[in-house]
Amino acid sequence: MFQYRIRGGNRLLGELKIGGAKNAALPILAAACLNESETIIENCPRISDILDTIEILNRVGCETEFEGNTLKVRADRKLNCEIPAEIAEKMRSSVLFMGAFLARCGRAILPAPGGCNLGARAIDLHIKGLIAMGAKIHEENGKIFCETDGLTGAKIKLSFASVGATENLMLAAVRARGETIIENAAREPEIIDLSDFLKKIGADIRGAGTGTIVIRGKKSLSKPVLHKVIFDRIVAGTHLVAAAMTGGEICLKNVRPFDLMPVAGCLKEMGCFLRSEGGDIYLRAPERLRALPRIVTRVHPGFPTDMQAQFVAALAIAEGKSEVVETVFENRCSHVGELRKMGANIRLTADKRTFLISGAASLRGATVAAHDLRCGAALILAALAADGESIVQNARFVERGYSGIENDLYSLGADISLENTPVRDII
Ligand code: UD1
């Protein structure tokens with residue numbers, strides 16, 4: 001089992017190129033199943049969620065080749081459209097194959113989805129939308145069976161702007177008969193990237209990035225395509241917070257500063273100096289971070305829930321009292337108990353949605369365990385800023401979403417290494 005060993009106290013200094021976004025690449029990989037010509041995806045992150053998704057593609061009958069950060073997919077043969085349980089259980093995003101497979105083969109069989117343990121994480125909106133488009137769906141022995149003799153366009157109003165449901169319905173609608181309108185659609189940059197990819201393979205989509213997406217289905221989709229995945233705004237945000245917490249000064253390359261606005265705005269309020277130019281964003285940290293009265297996670301363009309844990313870690317060493325409210329997920333708080341082991345003063349309300357933080361002068365190194373991906377990121381950040389040595393166990397959660405984070409941080413001056421240990425992961 002792998003763990004990070006981190007000695008805190010080094011300022012992060014220097015430049016870092018940010019790679020492609022996990023949350024854009026995952027739905028695009030599902031979308032590659034819809035293309036009966038060759039798909040080439042550039043800037044594809046080498047993280048375990050992507051490797052697992054490639055495994056799904058291979059198992060259902062696609063041919064793939066992954067070299068460096070370029071992934072080639074051929075989906076021109078008949079696909080079997082059933083996802084093996086051992087892969088789907090690891091990853092919630094495997095649910096995106098439901099829409100893609102229904103569109104491509106008229107059927108899909110997948111086990112109930114897995115991934116980070118963040119509350120119920122229902123998929124009712126995905127299912128309701130697909131049923132409205134003519135799919136028959138039932139669950140039996142922990143498997144979801146989906147079938148259709150042809151999807152039809154429908155008007156679907158999502159009760160919540162779910163990222164995954166929006167993507168699943170887009171994937172289904174591009175080959176449905178007639179027009180689909182998704183209202184209250186998610187507006188994340190990753191939705192726009194998926195739409196751009198689908199357009200390149202011949203889909204007719206308008207409105208991605210707004211609350212209403214209109215899709216006219218096509219009989220088949222087949223165009224050779226080369227697509228470069230957008231940058232990972234959460235990886236970029238994580239490094240900005242790392243620099244902010246260590247009194248550092250860094251420049252991130254290959255980003256779109258506009259997509260980082262909610263995060264950059266908070267860092268400015270905390271006393272950081274930020275400047276953006278073209279595809280670069282530069283941050284210089286103050287001597288001590290200031291508390292923030294209130295951060296509330298929201299759907300895009302609000303403050304991203306995927307940055308909540310990292311900011312809780314930063315506010316744990318900021319001067320003054322802060323409040324962070326999680327509104328997107330019901331159980332995104334596993335970092336709190338671990339941060340407390342490092343001396344953080346964080347109180348969680350009974351509904352586990354509000355974090356009341358009283359900034360400590362410093363944190364102390366400790367042995368802590370990641371319980372999910374962003375929890376792991378937050379613990380690494382806290383360890384970089386803490387006095388002494390920390391061990392962050394369960395590195396495998398972090399590897400789901402960060403490609404070699406230890407190398408990136410090391411290149412910026414952090415004292416961090418990834419080590420193999422006989423100790424079993426703490427679940
Ligand atoms: C995606 C991202 C994840 C991010 C999240 C919110 C990927 C692979 N993952 O996850 O990193 O944290 O968006 O920005 O892109 N919900 C329902 N019913 C549904 C669907 C969702 O109740 O059918 C609820 C979920 O339980 C959760 C909330 O809506 O509380 C957000 O879910 P959603 O936007 O769907 O997130 P994901 O697509 O799972």
Side-chain angles (χ1 to χ4, degrees), residues 20-31 44-45 47-50 52-53 56 88 90-100 112-132 137 139 144 156-172 182 184-194 211 229-230 232-235 237-238 259 262-263 296-311 325-335 351-353 372-378 397-398 400-402:
K22 160 175 103 66
N23 289 353
L26 290 172
I28 289 173
L29 259 60
C44 191
I47 50 177
S48 62
D49 268 14
I50 293 291
D52 289 336
T53 307
I56 293 178
K90 294 190 211 166
M91 256 185 3
R92 176 178 163 85
S93 59
S94 56
V95 75
L96 295 175
F97 282 95
M98 201 155 61
C116 285
N117 175 27
L118 305 177
R121 289 194 91 165
I123 54 165
D124 54 315
L125 302 176
H126 303 236
I127 289 175
K128 261 191 222 158
L130 293 171
I131 288 175
I137 302 179
E139 204 183 323
I144 303 173
I156 299 159
K157 187 169 170 127
L158 297 176
S159 56
F160 172 80
S162 153
V163 174
T166 302
E167 291 167 344
N168 227 337
L169 298 176
M170 286 166 75
L171 292 167
I182 308 171
N184 195 27
R187 293 181 285 164
E188 271 68 1
E190 293 76 20
I191 301 276
I192 303 177
D193 207 29
L194 173 63
V229 175
I230 55 164
D232 197 311
R233 62 197 165 97
I234 306 304
V235 170
T238 302
D259 292 343
V263 163
V296 183
T297 67
R298 302 248 184 242
V299 296
H300 192 75
F303 184 89
T305 171
D306 284 351
M307 286 301 301
Q308 180 258 101
Q310 299 89 316
F311 269 79
V325 184
E326 173 60 56
T327 72
V328 179
F329 287 107
E330 64 187 43
N331 195 18
R332 198 162 217 180
C333 56
S334 62
H335 43 296
D351 62 0
K352 296 186 175 177
R353 295 272 195 175
D372 63 53
L373 166 57
R374 307 302 170 189
C375 164
F397 282 117
V398 179
R400 289 188 50 205
Y402 295 84

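We count ligands from 1, going down the list as the structure has it; atoms in each ligand are counted the same way.
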Heavy-atom contacts with Arg332 under 4.0 Å: which atoms of ligand 1 show up? List them by number with element.
12 (O)

Has Arg353 got a side-chain atom pairing as donor or acceptor with Phe329's backbone, closer than 3.5 angstrom?
yes

Keeping Gln310 on the side-chain end and Thr238 on the backbone end, is there a donor-acceptor pair under 3.5 Å?
no

Mind checking whether Arg298 has a heavy atom under 4.0 Å from ligand 1?
no

Looking at ligand 1, does Glu330 have a heavy atom less than 4.0 Å from it?
no

Indicate, as side chain, backbone, both or neither, the part of Val328 found under 4.0 angstrom from ligand 1 when only non-hydrogen atoms are considered.
both

Okay, side chain of Thr297, backbone of Phe303: is any donor-acceptor separation there less than 3.5 Å?
no

Please check this pair: side chain of Asp259 against backbone of Arg233, looking for a donor-acceptor N/O pair closer than 3.5 Å.
no

May I ask you to identify, for Val163, whether its side chain, its backbone, both or neither come under 4.0 Å of ligand 1 on a heavy-atom basis?
both

As a check for students: among Asn23, Asp124, Val299, identify the option with a heavy atom nearest to atom 8 (C) of ligand 1.
Asn23

Near Ile123 (heavy-atom distance under 4.0 Å), the atoms of ligand 1 are 19 (C), 23 (O)

Report yes if some N/O of Ala161 lies less than 3.5 Å from some N/O of ligand 1; otherwise report no.
no

For the pair Asp306 (side chain) and Ile234 (backbone), establish whether a donor and an acceptor sit closer than 3.5 Å, ignoring hydrogens and angles.
no

Between Asn184 and Gly211 (side chain of the first, backbone of the second, donor and acceptor by atom type, cut-off under 3.5 Å), is there such a pair?
no

Has Asn168 got a side-chain atom pairing as donor or acceptor with His126's backbone, closer than 3.5 angstrom?
no

With heavy-atom distances below 4.0 Å as the criterion, list the atoms of ligand 1 near Gly164.
35 (O), 38 (O)

Any nitrogen or oxygen of Thr305, side chain or backbone, less than 3.5 Å from one on ligand 1?
no

Thr166 and Ala186: which non-hydrogen atoms are nearest, and at how many Å?
OG1-N, 3.0 Å

Nitrogen or oxygen of Glu167 less than 3.5 angstrom from that of ligand 1
no

Counting from 1 in the order shown, the ligand 1 atoms closer than 4.0 Å to a non-hydrogen atom of Ala122 are 16 (N), 17 (C), 18 (N), 19 (C), 20 (C), 21 (C), 22 (O), 23 (O), 26 (O)

Side chain, backbone, both or neither: which part of Asp306 has a heavy atom under 4.0 Å from ligand 1?
side chain

If we ignore hydrogens and angles and just use 3.5 Å, is the side chain of Gln308 paired with the main-chain N or O of Arg332 as donor and acceptor?
yes

